[in-house]
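Structure record follows, encoded as structure tokens.
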There are 2 protein chains.
Amino acid sequence: MKNILEIKNNLLKYNLKATPQRLCIANCLDIHGHMNVDELYFLVSQEFPTISVATIYKNIKIMLERVFIKEVKIPKQKSVYELNKAQHSHIVCSKCNKIVDIQLQTEELLRSASQISNFTLNESAIVLNGVCPECSK
Amino acid sequence: MKNILEIKNNLLKYNLKATPQRLCIANCLDIHGHMNVDELYFLVSQEFPTISVATIYKNIKIMLERVFIKEVKIPKQKSVYELNKAQHSHIVCSKCNKIVDIQLQTEELLRSASQISNFTLNESAIVLNGVCPECSK
DNA sequence: TTATTAAAGGATAATTATTATCCTTTAAGT
DNA sequence: ACTTAAAGGATAATAATTATCCTTTAATAA
Ligand SMILES: [Mn+2]
Ligand SMILES: [Mn+2]
Ligand SMILES: [Zn+2]
Ligand SMILES: [Zn+2]
């Protein structure tokens, strides 16, 4: 549960001016975790009714460049964005579309993959799909 | 190494008319493995110079619906498409952008993920990133 | 074979997504 | 408070994708 001041300082660390609109975007991502362009535009519009959708795009673009945020590509869905935090994987519920972070032990998998393929591996993007506990009740 | 007749019969199995253009698309995917829209349009245009890009899109759309092909989403790249084959994962070389299929043992990972998250898991989309043996020489 | 017909192709319009431009405003640093 | 580069808003431009309309053709069956 970060506060606005924390988020502001974080923006400055990434050489991004902490404007109210931008703070709102970062705050939305902090609160909701993963959001696509439309969701972000809708939510930020509540607080800043005159914000241009171009501002949303411009922010996503520069925030990605500075790696303040990251893009997560999910099969059959629009890309979502999240604050850049520690490496992790994702699970998506095919019923309610909820996206959840999960910390997986990937060393073994990477070692094995590296051995099979002779690639020198560094990153992994893992998206698992299933039904969340709420939806399976 | 499939031949055209095999591909044709496969199209029919998916209730897709085996037109020359469509056969060419399927054949390209069979030969090249993973292709994005532009690559597909470029290559098919060689053989059918008058083909419309809309035809490429229409085919991708319906082939996805029928699950004759699948979309693979790679971080920081355009989506690529591939023939629907046995479940597998992908490795991408960050130097030459080559995409390679890899058969990974995911049972252990899925079991662990399921245990941590309480999700009932079924599918997994795994994209690993690194440097291929050719590029690391 | 030939006839029938739904599906598919081509051209292009329409829509949607994303980026660029221009001018005004403002946050950050002095 | 002053300066200035960065960012916002409006909107144009471009790129990506889908829809439409009309013609052609592959599949099926008589
Ligand atoms: Mn996440
Ligand atoms: Mn593949
Ligand atoms: Zn759910
Ligand atoms: Zn390589």
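Numbered from 1 within each chain, the chains take letters A, B, ... in sequence-line order.
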Polar pair under 3.5 Å, donor/acceptor by atom type, side chain A/K17, base D/dG8: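 Such a pair does not exist between side chain and base.
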Minimum-distance nucleotide (side-chain atoms of [X] versus [options]):
X	options	value
B/T19	C/dA28, D/dT11, C/dA8	C/dA8
B/Q21	D/dT17, C/dG9, C/dA6	C/dG9
A/I62	D/dA26, D/dA7, D/dG9	D/dA7
B/L16	D/dA7, C/dA8, C/dG10	C/dA8
B/K8	D/dA19, D/dA26, D/dA27	D/dA27
A/L12	C/dA20, C/dA28, D/dA19	C/dA28
B/R22	C/dG9, D/dG9, D/dT18	C/dG9
A/K58	C/dG10, D/dG8, D/dA27	D/dG8
A/K78	C/dA17, C/dA20, C/dG10	C/dA17
B/K61	C/dA27, D/dT11, D/dT18	D/dT18

What is the distance, rounded to the nearest whole Å, between atom [atom1] of [X] and atom [atom2] of [N]?
X	N	atom1	atom2	value
B/L11	C/dA7	CG	C1'	13 Å
A/E65	C/dT19	CD	P	10 Å
B/L40	D/dA16	CG	P	15 Å
B/K13	D/dA26	NZ	C1'	19 Å
A/N59	D/dA7	CG	P	8 Å
B/F68	C/dA7	CZ	C1'	16 Å
A/L23	D/dG8	CG	P	10 Å
B/I60	D/dT18	CD1	P	9 Å

Flag, side chain of A/K73 to backbone of B/P75, donor-acceptor distance under 3.5 Å: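 Side chain of A/K73 to backbone of B/P75, a donor-acceptor pair under 3.5 Å: no, none is there.
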Any donor-acceptor N/O pair, B/N10 side chain to B/E6 backbone, under 3.5 Å: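 Here the side-chain-to-backbone pair does not exist.
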Crowding at NZ, B/K95 (>12 non-hydrogen neighbours, <6.0 Å):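 No, the 6.0 Å shell around NZ holds no more than 12 heavy atoms from other groups.
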Heavy atoms from other residues, nucleotides or ligands near NZ of A/K78 exceed 12 (cutoff 6.0 Å):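 Yes, enclosed.
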Short side-chain N/O contact from A/S52 to OP1 or OP2 of D/dG8, under 4.0 Å: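 Result: no.
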Phosphate OP1/OP2 of D/dT17 contacted by B/Y57 side-chain N/O (<4.0 Å):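 Indeed, a polar side-chain atom of B/Y57 lies that close.
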Cluster overlap B/F42 with B/V53, hydrophobic side-chain contacts below 4.5 Å: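 No, B/F42 and B/V53 fall in different hydrophobic clusters.
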Linked, directly or transitively: A/I25 and A/Y57 (ILVMFWY side chains, under 4.5 Å):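 Yes; tracing contacts between hydrophobic side chains, which count when under 4.5 Å, links both residues.
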Result of checking A/Q115, A/E107, A/E108 against A/R111 for side-chain hydrogen bond (donor to acceptor under 3.5 Å, both in side chains):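 Passing option: A/E108.
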Which residue lies more 5' along DNA chain D, comparing B/P20 with B/V37 via nearest heavy atoms: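 So the residue in question is B/V37.
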Global bending angle along the helix from C/dT1-D/dA30 to C/dT30-D/dA1, which compares the axes of five pairs at either end, to 10 degrees: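 Both end axes considered, the difference amounts to 50°.
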Stepwise side-chain contact (heavy atoms from CB on, under 4.5 Å) test for B/L83 and B/F68: CA-CA 6 Å; B/L83 297 182; B/F68 176 78; 3.8 Å; yes
Touch class at under 4.0 angstrom, heavy-atom based, for A/A54 against every strand present: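 Base: the residue A/A54, judged by heavy atoms under 4.0 Å, touches a nucleobase.
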